[in-house]
Amino acid sequence: MNKKENFVITINRELGTGGRTVGRKLSEKLGVNYYDKAILQGLTEKFGLSAEKIERIKADRKSWWQEMQDTYRSLLRSNDVAEPSVAEIFEAERQILENIAAEGSCVVAGRTAFLIFREWKNRLNIFIQATTEHRIERLMGKGRSFQDAFDTIGMVDEDREAYLKKYGDRSRYDTRNYDLVINMNGLTEDDAVEIILDYVNRSSK
């Protein structure tokens, strides 16, 4: 990755690993913009959906098409909104991300960013993971009960993996998707940032 030219660093992360914080701190160190929720906000504006509804649709569970139909039934009657497919939602996300990257170097945290930018030459794909115990402990530190943390991690993992297998035809756990994989066990977010910066500096030589 060449820091002297526009670059994109994508961060795919497991829930409860602190990956979002790592991405934000990394962007500050590099002096570039950081994006995550902005992607969902762009999709919300395009399709008139809540972020939660988009996430449920993208998870591609068995009922995703029925959920899409139910969501748009009232909108179609009142606003004559064209009914988007999952492919159209992915395309909207791709356009938003590519527009962001074209404006300047950035760090993007999100499960589809590494797919969207896989053909970009000046990019770095990172996966941040940890043991279930580590992830549960981190979520409990934010006020969740053990059972809630355990159930949420299982549900989110299943949803994200199902979406990528369905739309990207690959597993998010396949390390060939990434240039760098970081296990957060025993590390702080600042430690992870330093590891990434060291990798970036070495690869930029």
Side-chain angles (χ1 to χ4, degrees), residues 8-20 22-23 35-44 46-47 49-72 83-98 100-101 106-121 123-136 138-139 148-185 192:
V8 178
I9 297 178
T10 74
I11 296 182
N12 195 359
R13 78 280 184 204
E14 292 182 311
L15 178 69
T17 60
R20 182 175 295 172
V22 171
Y35 300 96
D36 51 23
K37 291 185 178 179
I39 298 168
L40 288 180
Q41 289 170 353
L43 287 170
T44 300
K46 183 175 179 66
F47 294 119
L49 289 171
S50 68
E52 291 78 12
K53 176 60 72 173
I54 290 172
E55 284 298 296
R56 286 201 297 272
I57 291 171
K58 289 172 64 177
D60 200 19
R61 288 177 174 275
K62 293 180 179 178
S63 62
W64 73 267
W65 180 245
Q66 186 59 52
E67 287 192 23
M68 176 70 85
Q69 296 279 8
D70 293 342
T71 301
Y72 276 88
E83 194 169 319
S85 65
V86 170
E88 288 172 328
I89 291 177
F90 184 90
E91 176 62 16
E93 184 171 279
R94 183 189 66 78
Q95 292 175 8
I96 292 167
L97 281 171
E98 290 188 348
I100 284 171
C106 58
V107 175
V108 181
R111 69 188 185 213
T112 60
F114 79 92
L115 279 176
I116 290 168
F117 292 112
R118 65 185 180 275
E119 301 299 329
W120 284 50
K121 293 182 179 180
R123 58 100 182 95
L124 175 66
N125 291 334
I126 300 168
F127 184 52
I128 296 180
Q129 60 183 12
T131 61
T132 301
E133 290 77 12
H134 175 98
R135 299 164 67 192
I136 288 174
R138 193 172 191 277
L139 291 184
D148 181 44
F150 179 83
D151 292 343
T152 300
I153 285 172
M155 180 183 67
V156 171
D157 283 353
E158 181 183 346
D159 285 352
R160 290 176 176 175
E161 178 72 350
Y163 175 69
L164 280 176
K165 281 189 173 180
K166 175 67 177 181
Y167 195 82
D169 192 27
R170 66 190 64 200
S171 170
R172 67 197 295 257
Y173 300 108
D174 187 342
T175 56
R176 291 172 295 184
N177 295 322
Y178 313 103
D179 303 292
L180 180 64
V181 178
I182 298 176
N183 188 319
M184 291 298 293
N185 286 69

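Numbers here simply count residues along the sequence, with the first being 1. Worth knowing before you read on, the calculation uses all heavy atoms, side chains too, and leaves out hydrogens, waters and symmetry mates.
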Just to verify, what does D148 make a salt bridge (Lys or Arg N to Asp or Glu O under 4.0 Å) with, not counting sequence neighbours?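 If we apply the salt bridge (Lys or Arg N to Asp or Glu O under 4.0 Å) test to D148, skipping adjacent residues, the hits are R144.
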
Taking all non-hydrogen atoms of both residues into account, name the closest pair between [X] and [Y] and its distance.
{"X": "A101", "Y": "C106", "value": "CA-SG, 4.1 Å"}
{"X": "Q129", "Y": "T17", "value": "C-CG2, 3.7 Å"}
{"X": "L139", "Y": "A149", "value": "CB-CB, 3.8 Å"}
{"X": "R160", "Y": "R13", "value": "NH1-O, 3.1 Å"}
{"X": "G23", "Y": "I11", "value": "CA-CD1, 3.4 Å"}
{"X": "M184", "Y": "A192", "value": "SD-CB, 3.7 Å"}

I'd like to check N12 versus I128 (side-chain heavy atoms, cut-off strictly below 4.5 Å). Are they in contact?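 With C-beta onward as the side chain, the pair stays apart.
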
Residue pair Y178 / I126, side-chain heavy-atom distance below 4.5 Å: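 SC-SC contact between Y178 and I126 ruled out.
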
Please report the C-alpha distance between F127 and F114 in whole Å, then the side-chain angles of each, then the deciding distance to 0.1 Å, and finally whether the side chain to side chain contact (heavy atoms under 4.5 Å, CB included) criterion is met. CA-CA 9 Å; F127 184 52; F114 79 92; over 6 Å; no

Could you walk me through whether I9 and R123 pass the side chain to side chain contact (heavy atoms under 4.5 Å, CB included) test, one step at a time? CA-CA 6 Å; I9 297 178; R123 58 100 182 95; over 6 Å; no

Using the side-chain hydrogen bond (donor to acceptor under 3.5 Å, both in side chains) criterion, which residues pair with [X]? Sequence neighbours excluded.
{"X": "T131", "value": "N185"}
{"X": "S171", "value": "E161"}
{"X": "D151", "value": "Q147"}

Just verifying a value: how many Å separate [X] [atom1] and [Y] [atom2], rounded to the nearest 0.5 Å?
{"X": "I136", "Y": "I153", "atom1": "CD1", "atom2": "CD1", "result": "5.0 Å"}
{"X": "N177", "Y": "R172", "atom1": "CG", "atom2": "CZ", "result": "10.5 Å"}
{"X": "L15", "Y": "M155", "atom1": "CG", "atom2": "CE", "result": "9.0 Å"}

Set of residues satisfying ring pair (Phe, Tyr, Trp, His ring centres under 6.0 Å) with respect to F117, sequence neighbours excluded: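 Expected list: W120.
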
Could you tell me which residues satisfy side chain to side chain contact (heavy atoms under 4.5 Å, CB included) with R118, sequence neighbours excluded, listed by chain and number?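 By the side chain to side chain contact (heavy atoms under 4.5 Å, CB included) rule, R118 matches L115, R170.
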
Salt bridge check, R135 against D157: does any charged N sit closer than 4.0 Å to a carboxylate O?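 Salt bridge flag = yes for R135 with D157.
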
